Protein chains: 2
Amino acid sequence: MGQTHAATPGAEKTGTRAEMREETERVILDAAERVFAESGFGGATMQAIADASGLPKANLHYYFASKERLYRRVVERIFTIWLEAADSFETSASPEVALRQYITRKMDLSRRHRFGSKVWANEVMHGAPIIQDYLETTLREWTETRIAVIRRWSEAGQIRPVDPRWLLYLIWATTQHYADFAHQIETLNSGPLSDRQWAEATDTVCGIILRGIGLDDGGTA
Amino acid sequence: MGQTHAATPGAEKTGTRAEMREETERVILDAAERVFAESGFGGATMQAIADASGLPKANLHYYFASKERLYRRVVERIFTIWLEAADSFETSASPEVALRQYITRKMDLSRRHRFGSKVWANEVMHGAPIIQDYLETTLREWTETRIAVIRRWSEAGQIRPVDPRWLLYLIWATTQHYADFAHQIETLNSGPLSDRQWAEATDTVCGIILRGIGLDDGGTA
DNA sequence: AATATTCTTGACTGGTTGGTCAGGTCTGTT
DNA sequence: AACAGACCTGACCAACCAGTCAAGAATATT
């Protein structure tokens with residue numbers, strides 16, 4: 001047969017060899033992210049990922065040596081996106097702006113990157129067998145710098161004194177909940193959250209957290 | 001061979017037939033909860049559960065017809081424990097006491113029932129394939145009564161006006177995070193949280209949430 | 001003590017899965 | 001046009017897993 005299949009039929013015939021390879025890998029990674037999120041690592045099958053990406057199974061093994069390597073790439077990609085999208089509040093001067101922006105961005109990520117969040121949650125829940133090294137190096141460093149920032153706010157009297165760790169966990173937990181537990185939320189809501197509801201939820205979360213650490217909010221919640 | 005194996009060697013020879021059956025089922029359910037939490041439904045094997053409970057695999061199928069039925073029983077058990085432990089704040093008069101107690105109990109559950117929380121999270125994250133009916137009936141009813149209570153507080157001016165749903169999700173997310181993401185927390189903490197840290201975390205969470213909805217706390221956080 | 005019933009267990013099986021491979025096809029280069 | 005190397009894929013396989021079963025052992029019943 002030869003090169004018959006295509007991920008997005010009719011739209012990917014252009015590009016150099018390297019570009020096409022990158023595109024194919026992206027298609028597989030997207031499909032894998034979805035399948036891993038829906039079934040977990042053990043529950044996911046290469047066949048399901050193959051079907052989801054519109055490629056024969058053998059093709060997956062041409063681009064990714066094994067199921068575990070594919071999974072690792074998926075998790076790495078998510079981790080990167082998360083870290084990139086999250087260093088907003090380092091640059092901002094005031095706690096209000098910094099935290100509000102960080103929470104808003106994380107809520108946005110939960111909405112638009114639901115599968116990624118789920119894969120990450122799965123991996124950590126199962127003891128991070130694949131990406132333990134990331135937790136111990138990159139995540140730890142990232143966390144420590146944020147803790148330092150929050151502690152400075154606290155010492156300068158800009159916010160009420162709180163252990164920065166419990167605050168960070170609260171923010172992570174709450175925002176990611178909207179991705180990881182989307183199914184539960186949508187069941188209780190009898191359908192997906194509307195634009196308005198997302199905005200309300202984000203605003204309420206910001207409001208509670210900002211007030212909770214002694215900031216007079218500035219929002220509407 | 002015959003009745004040679006035993007879950008807790010030497011300690012379960014007493015009791016009636018029914019009691020021994022119940023005990024054996026409990027041992028299997030405990031082991032299953034742990035294994036399902038660690039590996040997910042797809043990743044868990046009946047052999048692993050058998051090893052964890054100290055019984056031959058065939059024995060599991062004597063007590064539970066199939067892997068799925070065993071899993072269902074595990075999830076049902078967790079769900080029941082959760083609901084029972086959670087109707088505290090219906091009886092309490094003041095929002096402060098009610099919420100503080102509810103949050104504290106949920107934090108306790110996260111600490112002592114880590115595996116259960118993880119299994120629940122897994123199930124919901126994967127779209128609740130097994131217990132969707134519970135979400136639509138029991139959980140929905142439970143949630144609606146709590147929403148009504150919070151709304152009454154809100155209308156009576158006892159707390160700041162917030163959509164009760166976003167508040168509930170924030171509480172669920174934050175408390176369960178300490179179970180579901182325990183591995184991440186312990187990695188960043190270089191070890192399990194101490195008694196003092198659990199108390200601090202609980203207090204901080206209470207403090208932020210209570211202040212966040214306009215209560216003057218009353219605690220130390 | 002004989003019989004019935006519940007429990008235990010090693011060995012087995014049909015079906016599924018991750019991974020392989022040989023042979024084919026397409027594309028760029030000379 | 002001929003060649004080389006990258007890419008594609010149906011068919012296959014060894015490993016593994018949920019679930020079965022028949023025979024044996026403990027316990028209850030008469």
Side-chain angles (χ1 to χ4, degrees), chain A residues 1-10 12-28 31-32 35-36 38-74 129-130, chain B residues 1-10 12-28 31-32 35-36 38-74 129-130:
Chain A
M1 290 262 173
Q3 284 154 322
T4 36
H5 276 289
T8 330
E12 71 306 316
K13 282 173 190 164
T14 48
T16 66
R17 212 102 200 205
E19 282 170 351
M20 289 185 65
R21 184 178 186 108
E22 223 171 306
E23 169 68 9
T24 306
E25 285 184 2
R26 201 187 55 74
V27 168
I28 295 172
V35 173
F36 282 133
E38 280 167 355
S39 311
F41 180 78
T45 67
M46 292 297 273
Q47 188 59 59
I49 298 172
D51 293 348
S53 52
L55 295 167
K57 183 167 73 88
N59 220 320
L60 266 57
H61 281 97
Y62 177 75
Y63 287 97
F64 299 92
S66 69
K67 185 185 180 185
E68 191 172 320
R69 285 208 185 212
L70 173 56
Y71 177 74
R72 188 178 239 276
R73 283 284 301 276
V74 169
I130 309 286
Chain B
M1 289 260 170
Q3 282 153 323
T4 35
H5 275 288
T8 329
E12 70 308 314
K13 282 174 190 161
T14 48
T16 66
R17 212 103 203 207
E19 281 170 351
M20 289 185 65
R21 181 175 188 112
E22 222 170 310
E23 169 67 11
T24 307
E25 284 185 3
R26 200 187 55 74
V27 168
I28 295 172
V35 173
F36 282 134
E38 280 166 354
S39 311
F41 179 78
T45 67
M46 291 298 273
Q47 189 59 58
I49 298 171
D51 294 347
S53 51
L55 295 166
K57 183 168 72 92
N59 223 319
L60 267 55
H61 281 97
Y62 177 75
Y63 287 97
F64 299 92
S66 68
K67 185 185 179 184
E68 190 172 320
R69 285 207 186 214
L70 173 56
Y71 177 73
R72 186 177 241 277
R73 284 283 301 276
V74 169
I130 309 285

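This one's a predicted model, so the numbers in the text were calculated from it and none came from an experiment. All chains are named by letter (A, B, ...) in the order of the sequence lines, taking the proteins before the strands, and each is independently numbered beginning at 1.
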Within-4.5 Å side-chain heavy-atom neighbours: B/Leu60 and B/Ser53: yes

Atom-to-atom span, CE of B/Met20 to C1' of D/dA25 - whole angstrom: 14 Å

Side chain of B/His61 (C-beta onward), nearest among D/dA18, D/dC8, C/dG19: D/dA18

Ring geometry between A/Phe36 and A/Tyr71 (parallel below 30°, tilted from 30 to 60°, perpendicular above 60°): perpendicular

hbond_proxy B/Lys57 side chain to D/dG19 base (donor-acceptor, 3.5 Å cutoff): yes

Spacing between A/Glu25 atom CD and D/dC7 atom P, to the nearest angstrom: 9 Å

Student check: side-chain heavy atoms of A/Glu23 and A/Arg26 closer than 4.5 Å: yes

Selection from C/dG18, D/dC7, C/dG10 that lies nearest to any side-chain heavy atom of A/Lys67: C/dG18

B/Thr45 side-chain proximity, nearest of D/dA18, C/dG19, D/dC7: D/dA18

Partner residues of A/Arg21 under the side-chain contact (heavy atoms from CB on, under 4.5 Å) criterion, sequence neighbours left out: A/Glu25, A/Tyr62, A/Tyr63

Whole-Å gap separating P (D/dA25) and CG (B/Leu55): 19 Å

Separation of C/dT17 P from A/Phe36 CZ (nearest whole Å): 14 Å

Nearest-angstrom distance from the residue atom CD of B/Glu19 to P of D/dT27: 15 Å

Residue whose nearest DNA chain C nucleotide is more 5′ - A/Gly42 or A/Ala58: A/Gly42

Spacing of B/Leu60 atom CG relative to D/dC21 atom C1', expressed in whole Å: 17 Å

Sugar-phosphate, base or nothing in reach of A/Tyr63, heavy atoms under 4.0 Å: sugar-phosphate

Shortest side-chain distance from B/Tyr62, nucleotide among D/dC7, C/dT8, D/dG10: C/dT8

Between D/dC17 (P) and B/Leu70 (CG): distance, integer Å: 16 Å

Closest to the A/Arg21 side chain, choosing from C/dG18, D/dC7, D/dC8: D/dC7

Sugar-phosphate, base or nothing in reach of A/Thr24, heavy atoms under 4.0 Å: nothing

Residues B/Leu55, B/Thr24; criterion side chain to side chain contact (heavy atoms under 4.5 Å, CB included); working and verdict: CA-CA 10 Å; B/Leu55 295 166; B/Thr24 307; 4.1 Å; yes

Touch class at under 4.0 angstrom, heavy-atom based, for B/Ala44 against every strand present: sugar-phosphate

Gap between atoms CG and P, on A/Asn59 and C/dG24 respectively (whole Å): 18 Å

